[in-house]
Amino acid sequence: MDFRTLNLLFRCGMDFSHEKIHMKDLSDTECMICSWISSHPDCSQDEVAVALRTDKTTVAKAMLTLEAKGCVERTQDQTDKRRKRLRITDAGRERIADLMNIHNEWLAEVLKCLSPEEQELFGNCCERLLIAAEQLDREKKNGE
């Protein structure tokens, strides 16, 4: 497999969800952030950026938009007054309810072309690739 194939596979998954996400008046990034916050209540913007491997500025801009749309709310952290805690609102939860697992549904459908054993092997290989990619990223950041 070359990078082009992997990139095309990723793009197919994004294309699958793109229209459904935009029908909810959300960007792909906003949907991804809402989904993560929904699963990790009381997280911080920095935690979202790290978990989603997204630039902090991108998350900050998306948060402003999501607040304006009534999807998320920020509250003051009781132990660290400089920190804001994020929560998805009821309106935000309702807006993304049918989008929460859209990428997993697409992947499950695509993976049907593989046997259960091949699916497990593919999953294990992807996990190993992710670990190697994260290690490479850490080495790059540390100047090694």
Novice: To the closest 0.5 Å, what do you measure between SG (Cys12) and CG (Leu8)?
Specialist: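 Rounded to the nearest 0.5 Å, the SG-CG separation comes to 6.5 Å.
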Novice: Is the backbone of Arg138 close enough, under 3.5 Å, to the side chain of Asn142 for a donor and an acceptor to pair up by distance?
Specialist: yes
Novice: Can you check whether Leu86 reaches Ser44 side chain to side chain, under 4.5 Å on heavy atoms?
Specialist: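 Not touching, per the 4.5 Å side-chain cut-off.
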Novice: Let me see the working for Gln135 and Glu139 under side chain to side chain contact (heavy atoms under 4.5 Å, CB included), right down to the final yes or no.
Specialist: CA-CA 6 Å; Gln135 177 63 34; Glu139 289 171 5; 2.9 Å; yes
Novice: Give the minimum heavy-atom separation between Leu52 and Trp36, together with the two atoms involved.
Specialist: CD2-CD1, 3.8 Å
Novice: Does the pair Asp77/Lys81 count as a salt bridge with the N-to-O cut at 4.0 Å?
Specialist: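 Salt bridge between Asp77 and Lys81, a charged N being under 4.0 Å from a carboxylate O: no.
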Novice: Do the ring planes of His18 and His22 sit parallel (below 30°), tilted (30 to 60°) or perpendicular (above 60°)?
Specialist: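 His18 vs His22 ring planes: tilted.
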Novice: Could you pull out the closest heavy-atom pair between Gly13 and His103, with the gap in Å?
Specialist: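 Heavy atoms only, the tightest pair is O-CD2, 4.2 Å.
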Novice: In terms of heavy-atom contacts, does CD of Gln76 have more than 12 from other residues, nucleotides or ligands at under 6.0 Å?
Specialist: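 Yes, the 6.0 Å shell around CD holds more than 12 heavy atoms from other groups.
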Novice: How far does CD1 of Ile21 sit from CE of Met32, to the nearest 0.5 angstrom?
Specialist: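 The CD1 atom of Ile21 sits 9.0 Å away from the CE atom of Met32.
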Novice: Could you walk me through whether Cys71 and Glu30 pass the side chain to side chain contact (heavy atoms under 4.5 Å, CB included) check?
Specialist: CA-CA 10 Å; Cys71 294; Glu30 291 166 354; over 6 Å; no
Novice: For the residue pair Leu130 and Glu134, establish whether any side-chain heavy-atom pair is separated by less than 4.5 Å.
Specialist: yes
Novice: Are side-chain heavy atoms of Leu66 and Ile33 found at a separation under 4.5 Å?
Specialist: yes
Novice: If I compare all heavy atoms of Leu114 with all of Gln119, which pair ends up nearest, and what's the gap?
Specialist: O-NE2, 3.1 Å
Novice: Under 4.0 Å between a side-chain nitrogen and a carboxylate oxygen: does that hold for Asp42 and Arg87?
Specialist: yes
Novice: Are Thr89 and Glu94 close enough that some pair of their side-chain heavy atoms sits under 4.5 Å apart?
Specialist: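 Not touching, per the 4.5 Å side-chain cut-off.
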Novice: Crowded around Met1 CE? As in, over 12 foreign heavy atoms under 6.0 Å?
Specialist: yes
Novice: So does Asp98 pair up with Lys24, basic N to acidic O under 4.0 Å?
Specialist: yes
Novice: Does any part of the side chain of Ile96, heavy atoms only, come nearer than 4.5 Å to the side chain of Ile88, both counted from C-beta?
Specialist: yes
Novice: Are Leu136 and Leu6 grouped together when hydrophobic residues (ILVMFWY) are joined by side-chain heavy atoms under 4.5 angstrom apart?
Specialist: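 In one cluster with Leu136: Leu6, no.
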Novice: Do Arg74 and Arg85 have side chains that get closer than 4.5 Å, going by heavy atoms?
Specialist: no
Novice: Is any NZ, NE, NH1 or NH2 atom of the basic residue among Arg83 and Asp46 found under 4.0 Å from an Asp or Glu carboxylate oxygen of the other?
Specialist: no
Novice: Drop me the distance from Cys31's SG to Leu26's CG, to the nearest 0.5 angstrom.
Specialist: 6.0 Å
Novice: Hey, are the side chains of Cys43 and Ile37 touching, using non-hydrogen atoms and a 4.5 Å cut-off?
Specialist: yes
Novice: Is the shortest side-chain N to carboxylate O distance from Asp80 to Arg82 below 4.0 Å?
Specialist: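 Result for this pair is yes, salt bridge flagged.
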Novice: Can you tell me how far the NZ atom of Lys112 sits from the CG atom of Leu107, to the nearest 0.5 Å?
Specialist: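 The distance works out to 12.0 Å.
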Novice: May I have the step-by-step check of salt bridge (charged side-chain N to carboxylate O under 4.0 Å, His left out) for Asp15 and Arg11, ending in yes or no?
Specialist: CA-CA 6 Å; Asp15 288 347; Arg11 285 177 174 259; over 6 Å; no
Novice: Do the side chain of Asn101 and the main chain of Asn104 share a donor and acceptor less than 3.5 angstrom apart?
Specialist: no
Novice: Work out which heavy atom in Ile102 is nearest to a heavy atom in Lys20; give both atom names and the distance.
Specialist: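 That closest heavy-atom pairing would be CD1-CD, 3.3 Å.
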Novice: Do Glu73 and Lys84 sit within salt-bridge range, that is, some charged N less than 4.0 Å from a carboxylate O?
Specialist: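 Result for this pair is no, no salt bridge flagged.
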Novice: Given side chain to side chain contact (heavy atoms under 4.5 Å, CB included), test Met100 with Ser39 step by step and report yes or no.
Specialist: CA-CA 10 Å; Met100 287 287 290; Ser39 301; 4.0 Å; yes
Novice: With a 4.5 Å limit on heavy-atom distance, are the side chains of His40 and Val48 in contact?
Specialist: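 His40 does not reach Val48 side chain to side chain.
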Novice: Minimum heavy-atom separation for Lys56 and Ala49, please, with both atom names.
Specialist: CG-CB, 3.9 Å
